[in-house]
Amino acid sequence: MTESRVSVTFDRVLRRWESCKDEQKDRQFPRSDMHSSRLRFAGLLFLLLVACSRGGFIKNEEFYSVFPEDELPLKMDQALLTFHNKLTEPVRVFYTSDYCYKCVKQQLVTVKPNNNNASAIISTKFALTLQVEPQTRNSTLCRWSRTYKEGGHYSVWMQTLAASADPICSVSVDKSPNNAYVPLLVAALLLAVIVLLSVVVPYVYRMRCTSECIKVICCQDPLHSVDNEAAEAAHDGGEAKPSRLLSLDAFRGFALTVMVFVNYGGGGYWFFQHAPWNGLTVADLVMPWFVFIIGTSVVLAFSSMQRRGVGRLQLLRKITWRTFVLLIIGFCFLNYSPRDGPLSWSWLRIPGVLQRLGFTYFVLSLLQTFWGQKQIPERAPQWRSAAQDVLLFWPQWLIIILLETFWLCVTFLLPVPGCPAGYLGAGGIGDDGLYPNCTGGAAGYIDRWMFGDNMYRYPTCKEMYLTVLPFDPEGILGTINSIVMGFLGMQAGKIIVFYKRKNVHILCRYLVWAAILGISAAILSKCTRDGGFIPVNKNLCSCLCRSLSYVTAMGCFSFLLLGAMFFIIDVKGWWRGQPFLYPGMNSIFVYVGHSLLGFYFPFSWEIGFQQSHWELLLQNLWGTGLWVLIAFLLYRKKFFLKI
């Protein structure tokens, strides 16, 4: 290794170490009543104390690195490219990621002439476009696009086959790559076996119950819960005890379980991580689902309390307390650093996931408190009866429309210094490098104006787009679309209230809403990732709400998923929602707990084998499974943390 290369590599290590130390304080995870108020207070106090004593770390891996031929062992999502230059002039190799929208090419390596070679470690997450140019003149010798596989060793030969022929570039495989999806396939098969056993074993066990006495003792329905007051509103009238909609808890628990898995890393697979800017991955789906079910629960819970005669003043106290607690918990575990102490005003980050959830819940609850409908009209014109779940709440719709109009006006009309009006890109090297300091457009500009540098410094676009400005995915402007997402969930709750015991009407209306929102998303995005009037984007409005096209797309998926669970669980009774039911009934405990303790043993450990996804996927599944198990044990003990 040459002296200059040693120096460059050493400087890179130092920068990586400093970056890791800085990222400790910015880490975020992306992220039932109890039997007595004393237990509820104790559980809440425990979470607050743990939150204020939390530490953690995050690894900062470079997207591309250059090494000599005796390279370090490849890690997961990495491949080795060796460039052999048989030309008589030095060449430079540039790269761009095909996922990076209109990105400026970046230099990967320089190769000396006359049978010299150079090696580089590249990322295999997305397809790459490589371009070879002479070092002394501005022209392109060859250019190609290819998706490289994990663990593969590739050689690129740059040569001329005849004296007068143009240079050509050929790619050969020196070492066969790994199949990165084998661990995922094995994990899926194991989970399928576990699910099958969980269905077959209880069935066989119940068949052994021969007497009525034994059937009563060992085969009774265990799902009698007091966790979710929202479910009490599902069925109204003269029933002594209202039945519980298990699909709501299963929906919430499913979203939370997937959220825990992707927050732990999703096995290192790119589709279990947030998209760099535009586009959708599995990680981009779960939090909007969670916000959606918050809106559904608000309608059902508040309708039930209003029918029981709970006054507005008491509701406002309840709303304010819950919002305050969520904000405090969010501040505690977001702003701790072993270096700066439990709270440092020099880098205090005000926005956050729990803060956004708390504020969204607060606004939705106010809408339901002041403009919610207590009674359903018995007689109404046929045309009005078909749309009464919308028309009777016209003040709420008016407020939502005004809020969304405000978002559109600010996003597309607010002048941002040095940026075009309505800019929705990532900045950095994107958009041909014309707007490097325009990350997030108006949303990023407003947040930087209000918070300065006290924001999230490592957005998902930083690695690919090489952005330099902080950009907070839970910023101010994104709150509006988060509220809209929750309001769509409120509409799902209104349908359940208005059409109780009319399962066909509920399912049909869910399908109609899914179709309307899906068509709207297709029109807004023009069915493309980076094109359209408003691209599908999780960053413009936070990981809770995304852009307007994302809200409509996620609303479509949410209505479909909730409708499917409602049909399978509550209508047909084919499934009782396990195991997602358990974390869904203790969602606050599981979410805060995994955010605070998730990177400590036994939930995770230091990775020893980083060459493939095997150990990381095992670790992430293990940590997620432990939280599901904890939720199950708390359910058996009838312990439900409720704020």
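The structure presented is a predicted model; accordingly, all values stated were derived computationally and were not measured.
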Asks: Can you tell me how far CG of Leu626 sits from NE2 of His594, rounded to the nearest 0.5 angstrom?
Replies: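 It comes to 13.0 Å.
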Asks: Does some side-chain heavy atom of Tyr591 sit less than 4.5 Å from a side-chain heavy atom of Phe290?
Replies: no
Asks: For residues Arg356 and Thr479, determine if any side-chain heavy atom of one lies less than 4.5 Å from a side-chain heavy atom of the other.
Replies: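 In contact.
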Asks: Side chains of Phe603 and Ile630: does their closest heavy-atom pair fall under 4.5 Å?
Replies: yes
Asks: Do Gln355 and Leu327 come within less than 4.5 Å of each other through their side chains, counting heavy atoms only?
Replies: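 Side-chain contact under 4.5 Å: yes.
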Asks: Measure the CD-OG distance between Gln106 and Ser97 for me, rounded to the nearest 0.5 Å.
Replies: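 Taking CD in Gln106 and OG in Ser97, the distance rounds to 11.5 Å.
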Asks: Just do the side-chain contact (heavy atoms from CB on, under 4.5 Å) check on Tyr95 and Ile122 with the steps written out, would you?
Replies: CA-CA 10 Å; Tyr95 72 90; Ile122 62 172; over 6 Å; no
Asks: How far does CG of Leu108 sit from OG1 of Thr96, to the nearest 0.5 angstrom?
Replies: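 Result: 11.0 Å between the selected atoms.
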Asks: Identify the heavy atoms of Ile429 and Met464 that sit nearest to each other, and give their distance.
Replies: CD1-O, 3.6 Å
Asks: Is the shortest side-chain heavy-atom distance between Trp614 and Val182 below 4.5 Å?
Replies: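 They are in contact (side-chain heavy atoms under 4.5 Å apart), so the answer is yes.
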Asks: What heavy-atom pair brings Glu606 and Glu615 nearest, and what distance separates the two atoms?
Replies: O-OE2, 4.0 Å
Asks: Looking only at non-hydrogen atoms, find the nearest pair between Met485 and Gly555 and report the distance.
Replies: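 Nearest heavy atoms, Met485 then Gly555: CE-N, 3.7 Å.
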Asks: Minimum heavy-atom separation for Lys75 to Glu150, with atom names?
Replies: O-CG, 4.5 Å
Asks: With sequence neighbours excluded, what pairs up with Tyr361 under the ring pair (Phe, Tyr, Trp, His ring centres under 6.0 Å) test?
Replies: none
Asks: Would you give the length of the straight line joining atom CD1 of Ile293 to atom OG of Ser558, rounded to the nearest 0.5 angstrom?
Replies: 8.5 Å
Asks: Just jot down the side-chain contact (heavy atoms from CB on, under 4.5 Å) partners of Leu326, sequence neighbours excluded, or say none.
Replies: Leu354, Ile588, Ile643
Asks: Take Leu256 and Met259 through the side-chain contact (heavy atoms from CB on, under 4.5 Å) test and state the conclusion after the steps.
Replies: CA-CA 5 Å; Leu256 184 60; Met259 186 192 311; 4.3 Å; yes
Asks: Which distance, rounded to the nearest 0.5 Å, do you find between the CG of Leu488 and the CD1 of Ile483?
Replies: 12.5 Å
Asks: For Tyr148, which residues count as a ring pair (Phe, Tyr, Trp, His ring centres under 6.0 Å) partner, sequence neighbours excluded?
Replies: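 Residues passing ring pair (Phe, Tyr, Trp, His ring centres under 6.0 Å) with Tyr148: Tyr154.
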Asks: Taking all non-hydrogen atoms of both residues into account, name the closest pair between Ala250 and Gly577 and its distance.
Replies: CB-CA, 4.0 Å
Asks: Under the ring pair (Phe, Tyr, Trp, His ring centres under 6.0 Å) test, which residues partner Trp270, sequence neighbours left out?
Replies: Phe126
Asks: How about Val590 and Tyr582: do any of their side-chain heavy atoms sit closer than 4.5 Å?
Replies: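 Not in contact.
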Asks: For the residue pair Thr439 and Thr467, confirm or rule out a side-chain donor-acceptor distance under 3.5 Å.
Replies: no
Asks: Sequence neighbours left out, what passes ring pair (Phe, Tyr, Trp, His ring centres under 6.0 Å) with Phe271? Give chain and number order.
Replies: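 For Phe271 the ring pair (Phe, Tyr, Trp, His ring centres under 6.0 Å) partners, ignoring immediate neighbours, are Tyr269.
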Asks: What heavy-atom pair brings Gly489 and Thr296 nearest, and what distance separates the two atoms?
Replies: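 Nearest heavy atoms, Gly489 then Thr296: O-OG1, 2.7 Å.
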Asks: Assess the residue pair Phe272 and Thr281 against the criterion (side-chain contact (heavy atoms from CB on, under 4.5 Å)); give the C-alpha distance rounded to whole Å, side-chain angles, the decisive distance to 0.1 Å, and a yes or no.
Replies: CA-CA 6 Å; Phe272 286 132; Thr281 63; over 6 Å; no
Asks: Can you pull out every side chain to side chain donor-acceptor pair (under 3.5 Å) where at least one residue sits in residues 619-631? Sequence neighbours excluded, please.
Replies: Tyr264-Trp627
Asks: Would Val286 and Phe261 count as a side-chain contact (heavy atoms from CB on, under 4.5 Å) if you check the C-alpha gap in whole Å, the side-chain angles of each, and the deciding distance to 0.1 Å?
Replies: CA-CA 10 Å; Val286 290; Phe261 176 68; over 6 Å; no
Asks: So do the side chains of Leu74 and His153 get within less than 4.5 Å of each other, counting heavy atoms only?
Replies: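 The answer is yes, as the side chains (C-beta and beyond) meet within the 4.5 Å cut-off.
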Asks: Nearest 0.5 Å please: distance from the CD1 atom of Ile328 over to the OG1 atom of Thr323.
Replies: 11.5 Å
Asks: Walk me through it: do Phe559 and Phe292 pass the test ring pair (Phe, Tyr, Trp, His ring centres under 6.0 Å)?
Replies: CA-CA 9 Å; Phe559 274 107; Phe292 182 90; 5.2 Å; yes
